[in-house]
2 protein chains.
Amino acid sequence: MTLGDVARAAGVSLATASRALNGATQVRADLRQRVRAAAERLAYSPNAHARALAKSSNAGVGVICHDIGDPYFAGIARGVMRAASRHDLQVILGSTFRDPLREISYASMMRGQRVRAMLLVGSGFENREWQESLRRELDLYRATGGRVAVISRHRGVRADAVLPENRGGAAELARSLLALGHRSFAVLSGPLSLTTVVDRLAGFRSALASWGIHLLSTQIVEGAFTRDGGYEATQELLRRGLRATCVFASTDVMAIGALAAFREAGLRVPDDVSLAGFDDIPMIRDLTPPLTTVALPLEDLGERAMEMALLPERPARVRVERVQGQVVLRASTGPPP
Amino acid sequence: MTLGDVARAAGVSLATASRALNGATQVRADLRQRVRAAAERLAYSPNAHARALAKSSNAGVGVICHDIGDPYFAGIARGVMRAASRHDLQVILGSTFRDPLREISYASMMRGQRVRAMLLVGSGFENREWQESLRRELDLYRATGGRVAVISRHRGVRADAVLPENRGGAAELARSLLALGHRSFAVLSGPLSLTTVVDRLAGFRSALASWGIHLLSTQIVEGAFTRDGGYEATQELLRRGLRATCVFASTDVMAIGALAAFREAGLRVPDDVSLAGFDDIPMIRDLTPPLTTVALPLEDLGERAMEMALLPERPARVRVERVQGQVVLRASTGPPP
DNA sequence: CTGAAAGCGCTTACAG
DNA sequence: CTGAAAGCGCTTACAG
């Protein structure tokens with residue numbers, strides 16, 4: 001079942017069949033009809049590879065995230081899918097499971113696929129070697145006209161970016177918590193090798209500093225970027241001795257684990273300790289207590305990055321869209337005991 | 001940057017360059033080295049479309065789900081990604097936003113893409129016309145060697161399938177709730193046009209029936225398959241007058257909304273009313289109270305369907321893997337007040 | 001083992 | 001408007 005078969009069935013040339021189906025050039029109405037009918041009758045399905053090869057252009061975009069099962073990435077992916085659907089683009093998905101090597105091999109695969117644009121979603125790794133390889137891969141990709149946009153990473157990769165204001169958001173959150181009366185804080189941080197974590201911690205810290213408050217190093221616990229990571233980090237924090245009235249988890253997902261750990265330890269939130277997260281993934285408003293957080297418009301992030309990557313712009317000029325986070329005070333934070 | 005360039009740089013023929021890079025046939029070691037080196041130096045990236053065209057085989061699989069932002073699908077997608085990664089397959093993702101037409105256009109697009117296998121994830125629609133179109137699309141796809149597997153749909157589509165035991169799971173859940181002492185029930189159902197909903201409702205109902213208990217029609221409320229759908233359905237149920245000691249929401253996502261609605265209405269769960277869901281999406285164990293549910297191994301579902309689609313089997317023989325749901329009693333259910 | 005050549009299924013100048 | 005032909009970048013019998 002090829003275009004050739006359709007052309008033969010319609011009694012026209014290959015070229016005419018192609019034109020009739022794609023409607024680029026004018027084709028006599030009756031011929032177009034015949035071709036269309038033949039294609040329909042034969043259930044013709046154009047070979048996307050042949051077409052991509054002949055046009056040397058592609059209707060695909062690539063999206064690489066760390067874990068499509070995580071509500072943060074799932075929310076962003078939802079926005080990406082919406083934008084892609086609007087532009088009739090197919091989406092090739094990569095989920096790295098937080099393995100830097102896998103990220104690079106996805107990028108390379110997508111380059112081979114000649115996707116029109118590539119989206120990297122999520123924090124990068126603070127890893128010199130990885131940064132080198134990725135940059136090289138992306139440069140090669142762009143050298144042949146590929147477009148790259150990133151969400152939430154800036155180190156190491158020079159590309160169009162949608163950047164949540166991690167620093168600013170965390171600082172704003174800190175100020176809100178200070179306003180509630182808190183003066184001693186602890187932080188459940190994700191892996192410090194992730195730029196997002198570093199930024200959020202820095203923002204939080206600097207806002208405290210301007211009030212003359214410093215984070216004790218024992219009150220910063222590093223954990224995996226998962227619910228269980230938050231749970232375990234909290235247990236470790238309690239083991240070290242909690243010396244804070246308020247705990248900031250660098251993502252909501254971790255905060256969920258923290259909430260469980262506090263509950264198990266018999267600590268009430270917010271009566272005994274206040275708890276805040278970051279991202280505003282959908283479910284946290286249904287927790288008990290609902291979680292204070294810095295809200296990021298996840299779907300928007302995805303849509304905007306996709307649109308940005310698709311919008312041709314004079315190259316060598318990197319565009320950056322900064323996205324403000326919105327502090328949302330919910331019942332998980334209150335005045336210090 | 002094509003294979004031709006690499007061949008020239010290495011001083012060999014196109015054919016030899018191809019063989020050296022793909023390692024299918026034997027190539028003299030020194031030639032292979034030269035080709036590899038040249039490819040490396042030139043940062044050669046094989047054109048996936050050209051390759052797919054020449055081999056008329058493809059390293060891609062397609063996955064179509066209803067909403068990648070929903071934790072149920074995100075969980076399954078996670079499993080799919082794991083399996084795909086194991087087989088070095090790229091994944092093309094479709095998210096229908098619950099639009100039947102979009103599902104068909106995705107299927108058609110993936111057929112054009114000549115993907116090796118196609119996964120349809122999630123309940124089908126009870127819609128004659130849609131079923132016709134989809135079946136036609138899939139038949140055409142399979143006629144050319146395409147493989148199809150579905151998760152959780154059986155009506156209308158004849159294909160390899162991983163089927164959660166929706167009926168059995170719901171029935172088992174009902175029996176557990178009966179054992180707790182409940183004798184009056186209400187159901188928050190998703191759209192009755194979804195086979196999953198119909199099956200879960202039927203299973204629940206039949207288990208009750210064998211105890212001589214019948215669901216009042218006023219106590220079955222249909223809502224969207226979302227958190228807000230569950231919230232609104234619950235409000236409607238309360239408006240009609242709750243005449244049950246236990247409420248079954250046909251998915252966890254809906255149950256989350258129900259929990260919020262009950263809380264707002266001043267009803268305590270489970271003291272005033274028990275609540276149970278279905279699926280066991282990750283977050284529900286962290287709700288207050290944690291949600292009773294029928295646990296489905298979401299990631300497994302995805303992995304198994306992918307493996308099944310990849311495993312060539314004598315065609316015309318449809319394979320079905322049934323996956324038992326596990327009733328997990330948590331604190332959202334208790335004895336009737 | 002190696003190379004020249006045909007072929008995969010389309011698109012698109014180039015003539016007419 | 002229509003068609004013959006070249007070309008997109010690979011793979012793979014077929015000879016040597």
Side-chain angles (χ1 to χ4, degrees), chain A residues 1-36 38-39 42-60 108-116 140-141 144-146, chain B residues 1-36 38-39 42-60 109-116 140 144-146:
Chain A
M1 225 350 45
T2 71
L3 226 206
D5 299 321
V6 174
R8 193 166 323 117
V12 300
S13 74
L14 233 192
T16 298
S18 171
R19 292 186 188 114
L21 258 24
N22 295 307
T25 329
Q26 285 306 319
V27 175
R28 222 170 58 212
D30 60 321
L31 289 192
R32 181 199 316 282
Q33 274 320 312
R34 254 157 57 199
V35 173
R36 293 250 164 106
L42 300 175
Y44 169 65
S45 168
N47 184 314
H49 297 297
R51 178 189 294 226
L53 187 57
K55 306 180 58 162
S56 54
S57 96
N58 187 347
S108 160
M109 178 276 273
M110 289 171 184
R111 178 158 75 98
Q113 205 62 225
R114 306 295 187 263
V115 293
R116 183 177 306 183
L140 289 167
Y141 172 60
T144 57
Chain B
M1 227 344 49
T2 72
L3 228 208
D5 299 321
V6 174
R8 195 168 320 119
V12 302
S13 74
L14 233 191
T16 299
S18 172
R19 294 187 186 112
L21 257 25
N22 295 309
T25 330
Q26 285 306 318
V27 175
R28 223 170 58 212
D30 58 322
L31 288 191
R32 182 200 314 283
Q33 274 320 311
R34 259 166 42 207
V35 173
R36 294 250 165 107
L42 299 176
Y44 169 65
S45 168
N47 183 314
H49 296 297
R51 178 188 294 226
L53 187 58
K55 307 180 58 162
S56 55
S57 97
N58 187 348
M109 178 276 274
M110 289 172 184
R111 177 158 77 97
Q113 204 62 223
R114 305 296 187 260
V115 293
R116 182 177 306 182
L140 290 167
T144 57

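Here is the naming used below: chain letters follow the sequence lines, and residue numbers restart at 1 for every chain. Heavy-atom basis, side chains included; hydrogens, waters and symmetry copies ignored.
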Run the side chain to side chain contact (heavy atoms under 4.5 Å, CB included) test against [X] and tell me which residues pass, sequence neighbours left out.
{"X": "B/Arg28", "answer": "B/Asp30, B/Leu31"}
{"X": "A/Ser108", "answer": "A/Glu137"}
{"X": "A/Ala48", "answer": "B/Gln113"}
{"X": "B/Ala10", "answer": "B/Val12, B/Arg34, B/Val35, B/Ala38"}

- Query: Rounded to the Å, how far apart are B/Leu21 CG and D/dT12 P?
  - Reply: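 So the two atoms are 13 Å apart, to the nearest Å.
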- Item | For B/Arg116, all residues meeting side chain to side chain donor-acceptor pair (under 3.5 Å), sequence neighbours excluded |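 Partners of B/Arg116 under the side chain to side chain donor-acceptor pair (under 3.5 Å) test: none.
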- Query: Considering residues at least two apart in sequence or located in another chain, which fulfil the side chain to side chain donor-acceptor pair (under 3.5 Å) criterion with A/Ser13?
  - Reply: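 Side chain to side chain donor-acceptor pair (under 3.5 Å) list for A/Ser13, sorted by chain: A/Thr16.
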- Item | Canonical and wobble pairing (Watson-Crick, G-U, under 3.5 Å) of DNA chain C, dot-bracket with | | |||.||||||||.|||
- Which pairs with one or both residues in residues 46-57 of chain B pass salt bridge (charged side-chain N to carboxylate O under 4.0 Å, His left out), sequence neighbours excluded?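 Counting only pairs at least two positions apart or across chains, no salt bridge (charged side-chain N to carboxylate O under 4.0 Å, His left out) contact touches residues 46-57 of chain B.
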N/O to N/O distances under 3.5 Å, protein versus nucleotides 8-11 of chain C:
from: C/dC8; atom 1: O2; to: B/Ala54; atom 2: N; distance (Å): 3.4
from: C/dG9; atom 1: N2; to: A/Ala50; atom 2: O; distance (Å): 3.4
from: C/dC10; atom 1: OP1; to: A/Tyr44; atom 2: OH; distance (Å): 2.4
from: C/dC10; atom 1: OP1; to: A/Asn47; atom 2: N; distance (Å): 3.0
from: C/dC10; atom 1: OP2; to: A/Leu3; atom 2: N; distance (Å): 2.3
from: C/dT11; atom 1: OP1; to: A/Asn22; atom 2: ND2; distance (Å): 3.1
from: C/dT11; atom 1: OP1; to: A/Arg51; atom 2: NE; distance (Å): 3.4
from: C/dT11; atom 1: OP2; to: A/Ser18; atom 2: OG; distance (Å): 2.5
from: C/dT11; atom 1: OP2; to: A/Asn22; atom 2: ND2; distance (Å): 3.2

- Task: For C/dC10 and C/dC14, measure between their P atoms and round to the nearest Å.
- Result: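 Those two atoms are separated by 24 Å.
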- Query: For B/Arg114 and A/Ser45, does a side-chain donor sit closer than 3.5 Å to a side-chain acceptor?
  - Reply: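 The answer is yes; a qualifying pair exists.
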